[in-house]
Protein chains: 2
Amino acid sequence: MQESATPGGAPRRRVGRPRSGVLDRELIARASLKLVTSGGYTALTMSAVAKALGVSPSALYNHVESKQELMQWIQEIVMDGVDSSAFATHPLEQALLRWAASYRDIFVDHAPLIPLIAVLPVSGSPRTLQMYEEVAAGFTRAGWKQSQIIPSIVAIESFIFGSALDATAPLDIFDPGANAGNIPHFEGALAAQRATGNNSAEDAFITGLRAMITGLLANAELD
Amino acid sequence: MQESATPGGAPRRRVGRPRSGVLDRELIARASLKLVTSGGYTALTMSAVAKALGVSPSALYNHVESKQELMQWIQEIVMDGVDSSAFATHPLEQALLRWAASYRDIFVDHAPLIPLIAVLPVSGSPRTLQMYEEVAAGFTRAGWKQSQIIPSIVAIESFIFGSALDATAPLDIFDPGANAGNIPHFEGALAAQRATGNNSAEDAFITGLRAMITGLLANAELD
DNA sequence: ATTACTAAATGAATGACGTTCATTTACTAG
DNA sequence: CTAGTAAATGAACGTCATTCATTTAGTAAT
């Protein structure tokens with residue numbers, strides 16, 4: 001992957017101490033995340049990031065290629081908050097429950113990243129890969145057939161992302177409004193769920209997560 | 001829901017035949033969907049829609065409040081393509097499998113709608129409500145406890161949306177690239193999945209869907 | 001027919017954005 | 001002291017969605 005060597009063989013710049021400059025990746029990423037935390041993703045504009053750093057918007061482009069890339073930096077930091085430690089200490093089923101809950105909780109606050117992540121190559125993020133390694137190790141130790149590990153992980157992740165999106169919905173999202181009347185089964189189910197007093201998104205997440213894990217364990221062929 | 005009657009009791013305009021005009025909701029929605037089908041969601045701009053209709057962009061705003069609303073119109077049409085007919089004819093498990101597969105397939109081509117839908121009140125769309133009615137009826141006939149129906153539906157939907165997003169990802173999304181080497185379990189799992197020759201997203205969807213349905217049925221308390 | 005009313009279309013303008021680029025600034029190495 | 005260079009600047013650009021004053025053209029009432 002190396003370019004052809006310098007023709008003269010002359011020694012090139014070696015060290016290159018940081019060339020002054022107010023900005024670097026870490027600073028930009030942190031400032032951006034701070035903006036997001038305080039004002040949500042609508043507050044994340046290149047101008048706002050620049051302003052927060054006391055710099056002009058165009059200056060950012062010496063360090064980041066695009067806003068997309070900036071969001072990938074944020075995603076890495078956010079992803080780092082997902083707790084996958086349980087795989088080293090707990091049986092697979094419980095580790096999965098903890099991991100998934102932590103994963104979802106974090107992305108509820110970062111829903112706009114989801115369409116990005118779902119499509120993002122994992123290669124750029126060592127910490128994310130490390131997470132996958134821990135999860136995969138958990139499955140392996142539980143005796144899973146190798147070829148079923150990735151599909152199982154991806155399935156759980158898909159459910160997590162969908163659930164995180166769902167959790168940002170308004171509470172009355174299912175209110176049939178003026179169209180009530182000819183949908184008796186649905187209305188009955190709705191009333192019964194409401195009567196439980198549970199938050200609907202939370203309820204669905206727990207129900208779905210338990211079901212998926214139960215089902216994966218039940219359907220799995222061990223090695 | 002009627003406003004107070006005209007004070008004088010005088011008869012007001014009755015009919016109101018369509019007031020001429022080139023545009024209406026149906027036309028705009030169809031033209032928009034056509035644009036999306038041919039050029040994806042990046043091709044969906046108000047200018048492009050207007051151009052397709054031979055009209056100026058501002059004219060659209062006499063009929064639609066915002067681009068968001070336009071996308072809701074599209075969503076309704078798209079949603080109408082989801083096949084929930086199996087609930088009337090098949091046992092719950094098979095009906096769910098068919099419904100979910102149809103649902104996902106459709107939204108793979110409309111991923112940008114997903115963040116919108118997940119958050120959208122269902123009240124505005126009679127056809128979508130009808131779909132929920134059919135699904136809810138399926139659960140009811142299978143003897144499910146009422147309070148568990150909504151969470152189960154939402155859980156499956158969350159998985160569907162997440163899977164649809166996932167399906168738009170590049171094939172090599174999990175390639176560890178330069179960070180390979182210290183993630184043996186993950187790499188092993190990856191290689192094994194690849195060796196099956198299955199498409200990873202498809203594999204995950206089938207695995208996850210089966211697992212979730214198996215798990216829901218296993219965990220369900222019947223009425 | 002003339003008049004009044006009104007839905008609907010126009011085209012110019014606005015305001016966010018992300019992004020580019022020629023130029024300047026200021027540090028570092030030889 | 002002289003290049004060389006990373007990084008910052010500020011003025012543009014282009015793309016959008018959206019607004020608004022104005023015009024156009026049907027319809028209903030006198």
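Protein chains get the first letters and strands the later ones, always in sequence-line order, with residue 1 at the start of each.
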Protein-nucleotides 15-18 of chain C N/O pairs under 3.5 Å:
residue, atom, partner, partner atom, Å
C/dG18, OP1, A/Lys67, NZ, 2.8
C/dG18, OP2, A/Met46, N, 2.8

Pair B/Ser47, B/Thr45: side-chain N/O donor-acceptor within cut-off below 3.5 Å: no

Rounded distance (Å) that lies between atom P of D/dT18 and atom CD of B/Gln68: 8 Å

Whole angstrom is fine here: how far is it from CG in A/Asn62 over to P in C/dA26? 15 Å

If the condition is side-chain contact (heavy atoms from CB on, under 4.5 Å), which residues does A/Asp175 pass it with, not counting sequence neighbours? A/Asp172, A/Arg194

Side-chain N or O of A/His63 versus OP1/OP2 of D/dA8: is the shortest distance under 4.0 Å? yes

If you only use heavy atoms from C-beta on, which nucleotide in D/dA11, D/dT19, D/dA8 is closest to the side chain of A/Ala59? D/dA8

Separation of D/dA8 atom P from A/Ile28 atom CD1, nearest Å, is 8 Å

From D/dC20, D/dT18, D/dT9, pick the nucleotide closest to the side chain of B/Pro57? D/dT18

Take A/Glu202 and A/Arg104 through the side-chain contact (heavy atoms from CB on, under 4.5 Å) test and state the conclusion after the steps. CA-CA 10 Å; A/Glu202 199 70 32; A/Arg104 186 201 79 137; 2.8 Å; yes

Nearest-Å distance for atom pair NZ/P, residues B/Lys51 and D/dC16: 11 Å

Donor + acceptor pair across side chains of A/Tyr41, A/His110 (<3.5 Å): yes

Gap between atoms CG and P, on A/Leu60 and D/dG10 respectively (whole Å): 14 Å

Rounding to an integer number of Å, can you tell me how far A/Leu70 CG sits from C/dT19 C1'? 14 Å

Between B/Phe174 and B/Leu190, which heavy-atom pair has the shortest distance, and what is it? O-CD2, 3.4 Å

Can you give me the closest heavy-atom contact between A/Phe186 and B/Glu133, atom names plus distance? N-OE1, 2.8 Å

Length of the CG-P vector between A/Leu53 and D/dA8, whole Å: 10 Å

